[in-house]
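Heavy-atom basis, side chains included; hydrogens, waters and symmetry copies ignored.
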Amino acid sequence: MEQWILWALVAVGVGLLLLSFLILLARDVWVSFLLNAYAASFFGSIVAGAGLLEYPVRFFASYINNSVIFEYLLYPVVSVYVYATSRRARWPGVAAQCAGYAAVLTALEVVFERHTDLIEYHGWKWEYSLVTMFLLTLAVRLLAGRMLRRNE
């Protein structure tokens, strides 16, 4: 069952990524996507490597401890949509949107943790995920905004 969920998540992630190219310039998509993928993989490797989170069912299980689908596809795609929906927002609006997206991602993570073998907490709490994703999403959004604004 979990393998089907993983493949469905891949399909959703790829579909949303392709759709984002209709909404934003390719440069905007790639900057936001790659910044987030880099940061998420860095922090994800630390958390998974420390044994705080475990992904019992995952792609490339023999090679990597973290969730390739989440850290290299789904979360970066969400970052693209954060950028797309907050491009013209001021600071409080950007922070509110980052908090909203982080809350939805955390809620989905909790559902997967409780009802599937895709993720297991070992000394980790959903609150840590919420705060970490909020701060990382906000940092990536602000950095992408600064980089893309300077190159217009």
Fill in: Gap separating the CG atom of Leu53 from the CD1 atom of Ile46, nearest 0.5 angstrom
12.5 Å

Worksheet item: Do other residues, nucleotides or ligands put more than 12 heavy atoms under 6.0 Å from Phe21 CZ?
Response: yes

Practice prompt. Decide yes or no on side-chain contact (heavy atoms from CB on, under 4.5 Å) for Leu6 and Glu2, but give the supporting numbers first.
Written response: CA-CA 6 Å; Leu6 288 177; Glu2 278 80 4; 5.5 Å; no

Discussion item. Checking Tyr83 against Leu148 for the side-chain contact (heavy atoms from CB on, under 4.5 Å) test, could you report, in this order, the C-alpha distance in whole Å, the side-chain angles of both residues, the deciding distance, and whether it holds?
Written reply: CA-CA 11 Å; Tyr83 180 78; Leu148 293 168; 3.5 Å; yes

Worksheet item: Which pair of heavy atoms, one from Tyr101 and one from Tyr81, lies closest together, and at what distance?
Response: OH-O, 3.5 Å

Worksheet item: What is the minimum heavy-atom distance between Asp117 and Pro56, and which atoms define it?
Response: O-CD, 3.2 Å

Worksheet, complete the sentence: Students should find that the hydrophobic cluster of Leu25, defined by side-chain heavy atoms under 4.5 Å apart, otherwise consists of none

Item to complete: For Tyr72, check side-chain hydrogen bond (donor to acceptor under 3.5 Å, both in side chains) against everything at least two apart and list the hits.
Response: none

Discussion item. Would you say Trp4 ends up clustered with Leu74 if hydrophobic residues are merged whenever their side chains have heavy atoms under 4.5 Å apart, either directly or through other cluster members?
Written reply: no

Item to complete: Look at the side-chain heavy atoms of Ile, Leu, Val, Met, Phe, Trp and Tyr, link any pair under 4.5 Å apart, and say whether Leu108 and Val57 land in one connected group.
Response: no

Fill in: Atom pair CE (Met147) and CZ (Arg27), whose distance is rounded to the nearest 0.5 Å
10.0 Å

Worksheet entry | Shared hydrophobic cluster, Val104 / Leu136 (ILVMFWY, side-chain heavy atoms < 4.5 Å) | no

Fill in: Taking every non-hydrogen atom, the tightest pair across Leu9 and Leu73
O-CD2, 4.5 Å

Item to complete: Please report the C-alpha distance between Leu17 and Val14 in whole Å, then the side-chain angles of each, then the deciding distance to 0.1 Å, and finally whether the side-chain contact (heavy atoms from CB on, under 4.5 Å) criterion is met.
Response: CA-CA 5 Å; Leu17 180 61; Val14 170; 5.6 Å; no

Response to the item:
Besides Tyr38, the hydrophobic cluster formed by Ile, Leu, Val, Met, Phe, Trp and Tyr side chains linked at under 4.5 Å, directly or via other members, contains none

Worksheet item: Can you name the residues that form a side-chain hydrogen bond (donor to acceptor under 3.5 Å, both in side chains) with Thr116, not counting sequence neighbours?
Response: none

Fill in: Closest contact, heavy atoms only, Ala39 versus Val140
CB-CG2, 4.5 Å

Discussion item. More than 12 heavy atoms of other residues, nucleotides or ligands under 6.0 Å from CZ of Phe43: yes or no?
Written reply: no

Practice prompt. List in chain and number order the residues that pass side-chain contact (heavy atoms from CB on, under 4.5 Å) with Ala84, two or more places apart in sequence or in another chain; answer none if no residue qualifies.
Written response: Ile23, Leu24

Practice prompt. Could you tell me which residues satisfy ring-ring contact (aromatic ring centres under 6.0 Å, His included) with Tyr128, sequence neighbours excluded, listed by chain and number?
Written response: Trp124

Worksheet item: Excluding sequence neighbours, so at least two apart, what forms side-chain hydrogen bond (donor to acceptor under 3.5 Å, both in side chains) with Ser41?
Response: none

Worksheet item: Are Gln97 and Thr85 close enough that a side-chain donor and a side-chain acceptor fall under 3.5 Å?
Response: yes

Worksheet item: Is Leu135 isolated, or which residues cluster with it under the ILVMFWY side-chain rule of less than 4.5 Å, directly or via members?
Response: Trp91, Val94, Val131, Phe134, Leu138, Leu142

Practice prompt. Determine whether Val12 and Ile69 fall in the same hydrophobic cluster, where Ile, Leu, Val, Met, Phe, Trp and Tyr are linked whenever their side-chain heavy atoms lie under 4.5 Å apart.
Written response: yes

Worksheet item: Can you tell me if Glu109 and Tyr121 form a side-chain donor-acceptor pair at under 3.5 Å?
Response: yes

Could you give the side-chain donor-acceptor pairs of residues 28-37 under 3.5 Å, partners two or more places apart or in another chain?
| from | atom 1 | to | atom 2 | distance (Å) |
| --- | --- | --- | --- | --- |
| Ser32 | OG | Ser79 | O | 3.1 |
| Ser32 | OG | Ser79 | OG | 3.1 |

Item to complete: State whether the side chain of Arg141 and the backbone N or O of Val80 hold a donor-acceptor pair below 3.5 Å, judged by distance alone.
Response: no

Worksheet item: Of all residues at least two apart in sequence or in a different chain, which pass the side-chain contact (heavy atoms from CB on, under 4.5 Å) check with Leu105?
Response: Phe70, Tyr75, Val78, Met133

Fill in: Counterpart residues, ring-ring contact (aromatic ring centres under 6.0 Å, His included), relative to Trp7 (two or more places apart)
Phe59

Item to complete: Taking all heavy atoms of Val77 and all of Leu16, pick out the closest pair and write down the distance.
Response: CG1-CB, 3.6 Å

Item to complete: Please name all residues satisfying side-chain hydrogen bond (donor to acceptor under 3.5 Å, both in side chains) with Glu54, sequence neighbours left out, ordered by chain then number.
Response: His122

Discussion item. Please check this pair: side chain of Arg58 against backbone of Tyr55, looking for a donor-acceptor N/O pair closer than 3.5 Å.
Written reply: yes

Worksheet item: Is Phe42 reachable from Val47 through a run of hydrophobic residues whose side-chain heavy atoms are each under 4.5 Å from the next?
Response: yes

